[in-house]
Every structure is written in structure tokens, then in C-alpha cells.
Protein chains: 2
Amino acid sequence: MKLEIASAQLEALGNPVRLQIYRLLVRAGVDGLAVGAVQDKLGMPASTLSHHMRKLIEPGLVTQERQATTLICRAHYPAMTALIGYLSDECCADGVCPPASVKTRGSKASAKA
Amino acid sequence: MKLEIASAQLEALGNPVRLQIYRLLVRAGVDGLAVGAVQDKLGMPASTLSHHMRKLIEPGLVTQERQATTLICRAHYPAMTALIGYLSDECCADGVCPPASVKTRGSKASAKA
DNA sequence: TCACTATTTCCAAATTCATGGAAATAGAGG
DNA sequence: CCTCTATTTCCATGAATTTGGAAATAGTGA
């Protein structure tokens with residue numbers, strides 16, 4: 001993963017409103033949620049929500065699928081997985097890992113190094 | 001973890017310069033890096049670096065320890081681990097998980113749910 | 001105390017972001 | 001074609017971010 005992509009994804013999630021939207025979609029799983037459903041749940045103007053949704057879609061964190069007049073939004077899990085990997089992959093590559101580093105959590109999160 | 005904290009941490013990482021700084025520190029491990037060392041590696045004005053470093057320290061992603069006149073910076077791993085957990089914990093809580101969700105990667109990343 | 005290095009804080013300018021009303025667009029159905 | 005719902009795009013505005021030079025501060029040692 002390139003730094004620019006990871007940083008764009010992190011920037012997208014680095015806003016409380018968007019993080020809330022994203023977590024709503026993560027919870028919703030494969031069924032996803034219509035834009036309108038998200039709007040109802042969070043109670044914000046459609047215009048504002050649309051701006052935020054685009055910021056999540058652009059870096060590939062969320063996908064949209066049209067169903068008649070409604071747009072279903074879904075969290076794109078591979079993107080989240082790759083992003084998490086990017087954050088933990090190079091852990092301590094040049095030094096010594098601390099006692100309870102992230103490496104002790106995942107099975108093969110740092111297989112690359 | 002509270003949404004506000006997670007979003008502040010993600011926002012801090014959501015800038016290419018800061019993500020680069022952070023990854024440098026992650027690679028450095030427990031030894032950490034002096035501010036000046038980071039400055040040399042990335043080649044930026046001390047003032048700019050200092051601003052960015054503070055944005056990483058404020059939400060708890062990085063810590064600093066003074067050694068004489070130099071300040072050693074270190075990635076604070078527990079924060080990263082908690083952040084990663086926050087992103088993956090509620091995966092599909094309200095729906096069905098996709099075939100290859102993040103849940104299949106870590107050992108107990110979603111133990112809470 | 002003076003000098004020196006390392007780093008931060010002060011300040012300001014340019015850029016980007018967040019917000020939301022109003023108008024435009026997309027699709028479904030009569 | 002008209003209308004209705006769902007959603008986006010256009011546009012504007014205030015707020016926050018990014019950047020970096022200059023000055024201030026912290027620590028060390030002579």
C-alpha cells in the first residue's frame with residue numbers, strides 16, 4: 001500500500017462524523033445501509049452527509065450500489081484490512097519490539113517484514 | 001475507546017507527513033528517534049516538524065522523553081493496538097460478515113463483540 | 001554567566017475542510 | 001411527460017490546517 005493512499009484513508013476516518021458513518025456501515029455488514037438510513041440514524045442534512053460519504057468512497061473505504069432510487073453503502077473490508085496491515089506491518093523493523101507490541105496480537109500481520 | 005479519541009488519532013495519522021513520521025518511529029521500535037534525527041531523515045524545517053510531532057503526541061500516538069538537550073520520540077504501541085481494535089471490533093455486529101472479513105485475520109481482535 | 005545545541009512557541013499567509021441551503025439529477029411509476 | 005423520492009452537485013462562508021521564518025526556551029558545560 002502506498003503512503004498517499006493510506007494517509008487519504010486515515011484522513012477520511014479522522015473526522016468524528018465520518019468515523020461514525022463508517023462504523024455504522026461496518027456494523028451493518030454485507031447488507032449495508034442506504035444513504036437515507038444513515039441520514040436518519042445520524043440526523044444530518046443530506047448535503048453534508050453526501051460530502052462526507054464521498055470522502056469515504058474516494059479512498060476506497062466505502063462502496064455504493066444503486067437499488068432503484070436508493071444508494072446502498074457498504075464498508076469495503078479489504079481496504080480496512082490493508083490499512084490495518086499498513087499500520088502494523090513495519091513494527092520495529094529497525095529496532096527491538098517492546099514487550100507487548102502489536103505483533104503479539106495478529107497471526108501474520110507482519111509476515112512481509 | 002471513545003469515538004473522539006479514535007478520530008483524533010486517525011486525523012493525526014491522516015496526513016502524509018505525519019504518517020511518514022509515525023512509521024519512522026514504528027520502525028525505530030523501543031529505541032525511538034530524536035526529533036533532530038527525524039528532521040534529518042525527512043528534511044523539513046524544525047518548526048514544521050515540531051508542529052506535526054505535537055499532533056501525534058496530543059492524541060497519545062507518540063511519547064517524548066528528554067535526554068539532555070535532545071528529545072527522544074517513540075511510537076506508543078498500546079495506542080496503535082487500541083486504535084486498530086476500535087476499527088475492527090464491531091465488524092458486522094448488526095449484519096452478516098463477508099466471506100473474508102477482518103475477523104479472519106487476527107486471533108482475538110473482536111473478542112469484545 | 002556565556003555560549004552552544006536542540007527544540008519549541010509565536011506569528012502570519014495560503015490552503016484546505018466542514019457545513020448546509022438551493023438547485024440539479026437519477027430512477028420509478030402513473 | 002409529470003411527479004415523486006432519493007441523492008448529489010453547486011455555491012458560499014466560516015473555521016481549521018499546514019507551513020515556515022524568527023524569536024524564545026531548555027539543557028549542558030566551560
Side-chain angles (χ1 to χ4, degrees), chain A residues 3-25 28 31-76, chain B residues 3-25 28 31-76:
Chain A
L3 178 106
E4 291 295 337
I5 293 175
S7 123
Q9 292 177 335
L10 289 163
E11 183 185 22
L13 295 174
N15 169 287
V17 175
R18 283 194 296 269
L19 185 54
Q20 227 174 326
I21 295 170
Y22 183 72
R23 277 170 65 81
L24 223 46
L25 297 180
D31 292 343
L33 276 177
V35 173
V38 175
Q39 190 188 349
D40 289 345
K41 278 182 190 278
L42 299 184
M44 60 170 59
S47 173
T48 304
L49 174 57
S50 186
H51 289 309
H52 283 305
M53 200 62 85
R54 180 160 38 147
K55 289 239 170 88
L56 289 168
I57 292 167
E58 264 167 8
L61 287 169
V62 165
T63 61
Q64 274 185 338
E65 179 201 351
R66 187 171 275 281
Q67 280 184 7
T69 58
T70 74
L71 279 169
I72 305 295
C73 308
R74 293 190 183 84
H76 185 57
Chain B
L3 178 106
E4 291 297 334
I5 293 174
S7 125
Q9 292 177 335
L10 290 164
E11 183 184 22
L13 295 174
N15 170 286
V17 175
R18 284 194 295 270
L19 185 53
Q20 225 174 326
I21 295 170
Y22 183 72
R23 277 169 67 79
L24 223 45
L25 297 180
D31 292 342
L33 277 177
V35 173
V38 175
Q39 190 189 349
D40 289 346
K41 278 181 190 275
L42 299 184
M44 59 170 59
S47 172
T48 303
L49 174 57
S50 186
H51 290 310
H52 283 304
M53 200 62 86
R54 178 160 37 148
K55 288 242 170 85
L56 288 168
I57 292 168
E58 265 167 8
L61 287 169
V62 165
T63 60
Q64 272 185 340
E65 180 201 352
R66 187 172 275 281
Q67 279 182 8
T69 59
T70 73
L71 278 168
I72 304 295
C73 307
R74 292 191 183 85
H76 184 57

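Just so it is clear: chains get the letters A, B, ... in the order the sequence lines come, proteins before strands, and each one is counted from 1.
Between L13(A) atom CG and dA18(C) atom P there is a gap of 12 Å when expressed in whole angstrom units. What separates CG of L10(B) from C1' of dC17(C) is a distance of 17 Å, to the nearest Å. For the pair L19(A) CG and dA18(C) P, the interatomic distance rounds to 13 Å; values are reported in whole Å. The distance from atom CG of L71(B) to atom C1' of dT5(C) is 12 Å, rounded to the nearest whole Å. Spacing between atom CG of L49(A) and atom P of dG21(C) amounts to 14 Å, rounded to whole angstrom units. At whole-Å resolution of the value, CD1 in I57(A) and C1' in dT8(D) are 11 Å apart. Between L42(A) atom CG and dG20(C) atom P there is a gap of 13 Å when expressed in whole angstrom units. To the nearest angstrom, C1' of dG21(D) lies 16 Å from CE of M44(B).
Between S47(A) and the phosphate of dG20(C), there is no side-chain N or O to OP1/OP2 separation shorter than 4.0 Å. Residue T48(A) places at least one side-chain N or O under 4.0 Å from the OP1 or OP2 atom of dG20(C). Contact check, R18(B) against dT18(D): a side-chain N or O comes under 4.0 Å of OP1 or OP2.
E11(B) places no side-chain N or O within 3.5 Å of a backbone atom of N15(A) that could act as its donor or acceptor partner. Panel note: side chain Q64(B), backbone L71(B); no donor-acceptor pair is recorded below 3.5 Å.
Among the heavy atoms of the strands lying under 4.0 Å from T70(A) are primed sugar atoms or P, OP1, OP2 only; no base atom is included.
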TODO: Test L33(A) against K41(A) for side-chain contact (heavy atoms from CB on, under 4.5 Å), laying out the working first.
DONE: CA-CA 10 Å; L33(A) 276 177; K41(A) 278 182 190 278; 4.2 Å; yes
Task: Nucleotide-resolved protein contact map, nucleotides 23-30 of chain C, B/S/- at heavy-atom distance under 4.0 Å - done: ----BS--
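Where N15(A) and Q64(B) each meet DNA chain C at their nearest nucleotide, the meeting point lying more 5' is that of Q64(B). Positionally, the nearest nucleotide of DNA chain D for R54(A) lies more toward the 5' end than for the other of R54(A) and H52(B).
Among all heavy-atom pairs drawn from P59(B) and A12(B), the shortest one is CG-CB, 4.1 Å. Shortest non-hydrogen contact noted between L3(A) and P16(B) is CD2-O, 3.7 Å.
Of the candidates dT7(D), dC17(C), dC10(C), the closest approach to any side-chain atom of H51(B) belongs to dC10(C).
Within the 4.5 Å cutoff, side-chain heavy atoms of V38(A) are placed close to those of L25(A).
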With a cut-off of 3.5 Å and sequence neighbours excluded, list every side-chain donor-acceptor pair involving residues 45-57 of chain B.
from, atom 1, to, atom 2, distance (Å)
H52(B), ND1, R18(B), NH1, 3.1

